Amino acid sequence: AKAEGRRTYRYFMPEMDVKAKARHELATELKRAVTEHDFRLHFQPLVDLNSGTIAGCEALLRWQHPVRGFVSPAEFIPLAEDIGLIEDLGEWVLDQACRVAVGWPASMTVAVNVSPIQFRRATFPLKVAAALARTGLAAHRLELEITEALLLQDNESTLAILNQLRDLGVKIALDDFGTGYSSLSYLHRFPIDKIKIDKSFVDTLTEEAGSATIVRAIVQIAAAGNKTTLAEGVETAAQRDLLRHLGCQQMQGYLFSPALPEDALARLIGNTDAE
Ligand code: C2E
Ligand code: CA
Ligand code: CA
Ligand code: CA
């Protein structure tokens, strides 16, 4: 048994070593990238389903690594959270997103993803207020995207922070709705302005009747609480048409546009607006 244990040990260690080493290297580079602001924001339009106009954009973080090329936020955000970089990174995103949005038509909002770690800091509302003051963006044009998990843990402090943010005048959106341990009853307890219906429901919308039923239920509950609904990851005209039919108000997805660099987005806004 001992020999076997050893063999297992020998078989698995090198692989773990390689993974740990790769992670360590990525962490070192991420640290440097944060210090040197080696990131870009791309902006994906949020589209009004009835009018077809751009209601706002979601800021999505991009790391253009000199050697690795494009590193996905799905890969580096969890790492940034683990190694204590997410607050600095999140602050940069917030500032940059507000700075860019100031140049858009006043009807447009900017949505910023907020990590739970960033959100839980008692100083978070102050950081948001500071970013608004620094950039001159009107508070109602900033939408903060949080996830369901935040509502389940530590209710009291989450509610206190949400109320402070609401007092500032910023909007709150619940991201990836339906993927967590969502209890619909939570929706009324928290000051939330928008529900972003997760892409997984949209993907199966035109094939599985169950998805349409769920989306319809979410839309109805949201409407009862005066909340806006947005469907994520809309890729086909059939999905868009059904979502409109179900009463969903906004959509986001490759059907309309992927996330774009600042200048490409400015051209898109210029071409879409009649002004
Ligand atoms: P998310 O907040 O759910 O963002 C939506 C993701 O879906 C984006 O991926 C977007 O590019 C992608 N997407 C949009 N439309 C479509 C579509 O029609 N089809 C498909 N297949 N995908 C679509 P991205 O940019 O790779 O971001 C991944 C995740 O990383 C985000 O998911 C968000 O959780 C996180 N993230 C991105 N930027 C930030 C940030 O600044 N701060 C934090 N804390 N997290 C961020
Ligand atoms: Ca998001
Ligand atoms: Ca999402
Ligand atoms: Ca997602």
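Both counts, for ligands and for their atoms, begin at 1 and track the order of listing. It should be emphasised that the depicted structure is a prediction, and the values quoted were computed from it without experimental measurement. Computation of the quantities below employed the complete heavy-atom set of this structure, encompassing side-chain atoms and omitting hydrogens, waters and symmetry-equivalent molecules.
Note: no N/O pair closer than 3.5 Å links S72 and ligand 1 by distance alone. For G253, no nitrogen or oxygen atom sits less than 3.5 Å from a nitrogen or oxygen atom of ligand 1, counting backbone and side chain alike. Where the criterion is an N or O separation shorter than 3.5 Å, residue side chain and backbone included, Q118 fails it with respect to ligand 1.
With a heavy-atom cut-off of 4.0 Å, V93 touches ligand 1 through its side chain alone. Of all the heavy atoms of I77, the ones lying under 4.0 Å from any atom of ligand 1 belong exclusively to the side chain. When heavy-atom distances to ligand 1 are checked against a 4.0 Å cut-off, D176 comes that close only through its side chain, counted from C-beta outward. With a 4.0 Å heavy-atom cut-off, ligand 1 is reached by the backbone of V234 but not by any atom from C-beta on.
Of the listed options S257, P73, S115, A97, P73 places a heavy atom closest to atom 24 (P) of ligand 1.
Checked for salt-bridge contact, K196 and E58 meet the test: a charged N lies under 4.0 Å from a carboxylate O. A salt bridge is absent between K199 and D176: the closest approach of a Lys/Arg side-chain nitrogen to an acidic carboxylate oxygen does not fall below 4.0 angstrom. A salt bridge links D95 with R134: the closest approach of a Lys/Arg side-chain nitrogen to an acidic carboxylate oxygen falls below 4.0 angstrom. Classification of E145 and K194 as a salt-bridged pair fails, no side-chain N sitting under 4.0 Å from a carboxylate O.
To the nearest 0.5 Å, atoms CZ (R244) and CG (D48) are separated by 9.5 Å. Distance check, rounded to the nearest 0.5 Å: CD of Q252 to SG of C57 gives 9.0 Å. Summarising the geometry, atom CD belonging to Q250 is positioned 7.0 Å from atom OG1 belonging to T109; distances are rounded to the nearest 0.5 Å.
Every atom of ligand 1 with a heavy atom of K199 under 4.0 Å away is listed here by number and element: 19 (N), 20 (C), 21 (N), 22 (N). Numbered from 1 in the order shown, with element, the atoms of ligand 1 that lie under 4.0 Å from a heavy atom of N113 read 2 (O), 38 (N), 39 (C), 40 (C), 42 (N), 43 (C), 44 (N), 45 (N), 46 (C). For ligand 1 and E235, the ligand atoms under 4.0 Å from any heavy atom of the residue are 17 (C), 18 (O), 19 (N), 20 (C), 21 (N).
Shortest distance from the Ca ion (ligand 3) to D176 is reached at OD1 (N/O/S atoms only). E58 contributes OE2 as its N, O or S atom closest to the Ca ion (ligand 2). Among heteroatoms of the N, O or S kind in E232, OE2 lies nearest the Ca ion (ligand 3). Looking only at its N/O/S atoms, D175 has OD2 as the one nearest to the Ca ion (ligand 2).
In the hydrophobic cluster analysis, where Ile, Leu, Val, Met, Phe, Trp and Tyr join through side-chain heavy atoms closer than 4.5 angstrom, L30 is grouped together with L61. There is no path of hydrophobic side-chain contacts, each under 4.5 Å, that joins L60 to V114.
Relative ring orientation between F124 and F119 is described as tilted, the plane-to-plane angle lying within the 30° to 60° band. Ring-plane geometry between F76 and W63 is classed as perpendicular, the angle between the planes exceeding 60 degrees on a 0 to 90 degree scale with a lower cut at 30.
Assignment of E58 to the shell around ligand 1 is supported, since a heavy atom sits closer than 4.0 Å. Judged by the shortest distance from any of its heavy atoms, Q44 lies inside the 4.0 Å radius around the atoms of ligand 1. Under a 4.0 Å heavy-atom criterion, R62 is in contact with ligand 1. Taking a 4.0 Å cut-off on heavy atoms, G233 registers as neighbouring ligand 1. By the 4.0 Å heavy-atom criterion, E81 is excluded from the residues contacting ligand 1. At least one heavy atom of E232 sits less than 4.0 Å from an atom of ligand 1.
Counting only heavy atoms from C-beta outward, the side chains of V71 and E29 never approach each other to under 4.5 Å.
With the Ca ion (ligand 2) at the apex, N113 OD1 and E145 OE1 define an angle of roughly 90° (rounded to 10 degrees).
With no hydrogens or angles considered, a side-chain donor-acceptor pair links E81 and S115 at under 3.5 Å.
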